[in-house]
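Inspection log for the structure reproduced underneath, given as structure tokens.
Remember, it's 1-based here, ligands and their atoms both numbered in the order they're listed. Worth knowing before you read on, the calculation uses all heavy atoms, side chains too, and leaves out hydrogens, waters and symmetry mates.
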Amino acid sequence: MIVSCVGIGIGAGARIAIGDAYLLCHGPVCVTPSWISPKQVDREVARFRQALDAAARQLVDIREQIPASTPQEISEFIDSHLLMIEDNAISSGVINLIRHKQASAEWALQQHRDALVEVFEQMEDSYLRTRKDDLDHVVNRVQKILLDQNEPQVGNLLGHIVLAEDLSPADVIMLHNQQVSGFVTEYGGPMSHTAILARSLGIPAVVGARGASRCLQHGERLILDTDHGCILADCPQSLIDYFQDRREFEQQRAVELRKHRDEPARTIDGRRVELLANIELASDVESALQNGADGIGLYRTEFLYMNRLDIPNEEEHFTTYSEVIRGMQDRPVVIRTLDLGADKPLPGTRDGSGCGNPALGLRAIRLCLKEPELFRPQLRAILRASALGDVHLMLPMLTNLWEVEQARAMIRRCMQELEYEGLPFNPNMPVGGMIEVPAAALAAPAFAEALDFLSIGTNDLIQYTLAIDRVDDEVNYLYDPYHPAVLQLIMHVIQAARAAGTPLSMCGEMAGDPRFVPLLLGMGLHSLSMQPSALLDVKQLIRSYDLDILQTTAEQFLERLYSGEPFSPLN
Ligand code: PEP
Ligand code: MG
């Protein structure tokens with residue numbers, strides 16, 4: 001049986017997974033109203049208390065199974081759920097409903113949860129509002145015990161291929177720590193942050209495989225072929241052998257590519273291309289170096305906020321950035337300020353902004369400028385880190401020039417504070433911005449003047465230009481980097497940056513995709529930032545090209561494209 005779906009996972013060594021299926025039940029529990037007789041009240045209260053105890057035991061077990069290498073915030077996250085279980089405000093409200101309304105334990109818990117959520121939602125403080133999701137996690141766990149629907153224990157996932165309805169980027173970090181072989185989700189597109197993170201962490205994954213968990217059995221042997229987006233089940237041994245051989249071949253190829261790691265990415269006519277790495281965690285520095293990165297072109301700092309309830313403070317930001325900068329040994333490091341919101345919500349929230357269309361909502365620089373108490377510790381930490389190496393600060397999702405002005409004003413204020421406190425920083429730290437909204441691409445000449453460098457974020461630029469939600473697998477087929485509108489915007493940004501003499505890079509997934517690299521080079525982009533596992537493949541490709549030829553071919557290609565001549569990108 002073959003379940004066809006969308007494949008993700010380009011890059012050496014992360015294309016094939018073989019393992020047993022692990023069905024992860026992630027959805028909420030459905031509870032219907034039910035009542036008990038007065039005689040059953042004491043027994044029901046006891047049943048509820050036992051469920052609370054069992055939930056607490058589950059959490060303690062999970063905490064004990066977390067490997068020592070796991071970031072501390074993950075165990076803190078579990079501790080906060082334990083505290084919620086022990087909190088009287090939850091248990092006494094439920095027991096009251098059981099005693100006085102004779103509601104069943106499940107129904108009482110559900111009603112009490114709804115009442116608490118109403119209170120959370122009315123709170124002014126956005127952080128407190130984020131507690132709603134944690135409450136839901138805790139309630140869900142207790143409900144599953146009451147209804148006898150036990151969840152698999154974290155810790156049993158080693159070597160498995162996890163099947164889930166959907167996974168957040170935070171879940172992917174958990175799965176990585178559990179050393180899963182791969183994962184499959186029913187929802188989500190290949191440009192979602194969940195998919196990007198899987199590629200970056202080298203986890204083979206297939207996303208958007210609707211119906212997969214209905215078709216597949218817990219425990220059955222699966223093969224993921226992410227190049228083709230296939231999940232193979234019920235395979236004969238000969239097919240398993242074939243994929244094992246392919247996996248070994250990929251590994252050998254990665255070893256071969258690694259031999260050229262320290263050679264520069266230079267075309268055959270001698271033009272140097274800068275190849276940078278995109279990272280999410282400080283620990284990704286190792287893989288950036290192993291794959292010969294010239295520096296970090298995009299450090300997605302918002303991952304510091306995941307799998308925890310509290311907000312990291314300035315010291316934590318600073319310590320993490322210092323680790324990255326020291327690890328990169330004088331190479332440039334572009335630290336992107338928080339891009340929280342949309343599919344990377346603030347800790348504990350689902351949609352980040354609470355609005356119906358989070359990708360268009362209070363995300364990234366918009367959130368940071370609205371909530372200076374969130375932004376300021378990060379700005380101070382980046383400035384302090386700038387004293388340790390070649391640090392660049394990059395602002396995400398710019399739409400208006402005044403966002404640059406406001407951010408620069410905050411940076412200046414932070415500089416004054418640090419100076420007053422006697423803390424070192426680089427007063428000339430370059431401040432750049434991401435061009436990932438069509439408005440910013442069209443206004444690129446102004447942004448190129450206002451900023452010290454630019455980086456094109458094609459993941460969002462394509463999402464916003466073509467009006468397709470990057471996490472929605474239903475419209476994934478429209479995600480087209482070859483669309484004339486997308487390429488015209490990219491060309492416009494390249495020309496604007498060149499005219500202003502402003503350094504330009506690209507850090508969207510397109511930059512690390514061998515299908516687009518020759519076109520991008522021909523269009524005039526000479527700095528590309530990508531997931532570390534794509535670097536060596538792309539370097540090998542660049543070393544086989546003549547830039548003059550690429551330029552001529554790109555010009556002809558764009559001319560035909562803009563004139564509306566029918567074409568196939570494969571020709
Ligand atoms: C992008 O949008 O292309 C980008 C690099 O940023 P992110 O994927 O983190 O939104
Ligand atoms: Mg983006």
Query - salt bridge (charged side-chain N to carboxylate O under 4.0 Å, His left out) partners of Arg413, counting only residues at least two apart - result: none
I'd like the atom pairs linking ligand 1 to the protein - N or O on both sides, separation under 3.5 Å - with distances to 0.1 Å.
unit_1   : atom_1 : unit_2 : atom_2 : d
ligand 1 : 2 (O)  : Glu436 : OE1    : 2.9
ligand 1 : 2 (O)  : Asp460 : N      : 3.0
ligand 1 : 2 (O)  : Asp460 : OD2    : 3.0
ligand 1 : 3 (O)  : Gly457 : O      : 3.4
ligand 1 : 3 (O)  : Thr458 : N      : 3.1
ligand 1 : 3 (O)  : Asn459 : N      : 2.8
ligand 1 : 3 (O)  : Asn459 : ND2    : 3.3
ligand 1 : 6 (O)  : Arg336 : NH1    : 2.9
ligand 1 : 8 (O)  : His193 : NE2    : 3.3
ligand 1 : 8 (O)  : Arg300 : NH2    : 2.8
ligand 1 : 8 (O)  : Asn459 : ND2    : 2.9
ligand 1 : 8 (O)  : Arg470 : NH2    : 2.8
ligand 1 : 9 (O)  : His193 : NE2    : 2.9
ligand 1 : 9 (O)  : Arg300 : NE     : 2.7
ligand 1 : 9 (O)  : Arg300 : NH2    : 3.4
ligand 1 : 9 (O)  : Arg336 : NH1    : 3.0
ligand 1 : 9 (O)  : Arg336 : NH2    : 2.9
ligand 1 : 10 (O) : His193 : NE2    : 3.1
ligand 1 : 10 (O) : Arg363 : NH2    : 3.3
ligand 1 : 10 (O) : Asp460 : OD2    : 2.9
ligand 1 : 10 (O) : Arg470 : NH1    : 2.9

Report summary line: Residues Leu525 and Met506: closest non-hydrogen pair is CD1-CE, 3.6 Å
Query raised in the report: Taking the six-membered ring of Phe425, is NZ or CZ of Arg384 closer than 6.0 Å to its centre and within 45° of its axis?
Result: no
**Report entry** For Leu401 against Ala450, the heavy-atom pair lying closest together
**Finding:** CD2-CB, 3.8 Å
Requested in this report: Give every residue pair that meets the ring-ring contact (aromatic ring centres under 6.0 Å, His included) criterion with at least one member in residues 487-530, sequence neighbours excluded.
Outcome: Tyr482-Phe516
Report task. Start with the C-alpha distance between Asp284 and Arg300, add both sets of side-chain angles, then the distance that settles salt bridge (charged side-chain N to carboxylate O under 4.0 Å, His left out), and finish with yes or no. Result -> CA-CA 11 Å; Asp284 295 339; Arg300 292 183 166 102; over 6 Å; no
Query - Heavy atoms of other groups near Gln179 CD, more than 12 under 6.0 Å - result: no
Query - Within-2.8 Å protein N/O/S contacts of the Mg ion (ligand 2) - result: Glu436 OE1, Asp460 OD2
Report task. Evaluate whether atom CD of Glu286 has more than 12 neighbouring non-hydrogen atoms of other residues, nucleotides or ligands under 6.0 angstrom away. Result -> no
Query - Plane angle bin for Tyr299 and Tyr321 - parallel if under 30°, tilted between 30 and 60°, otherwise perpendicular - result: perpendicular
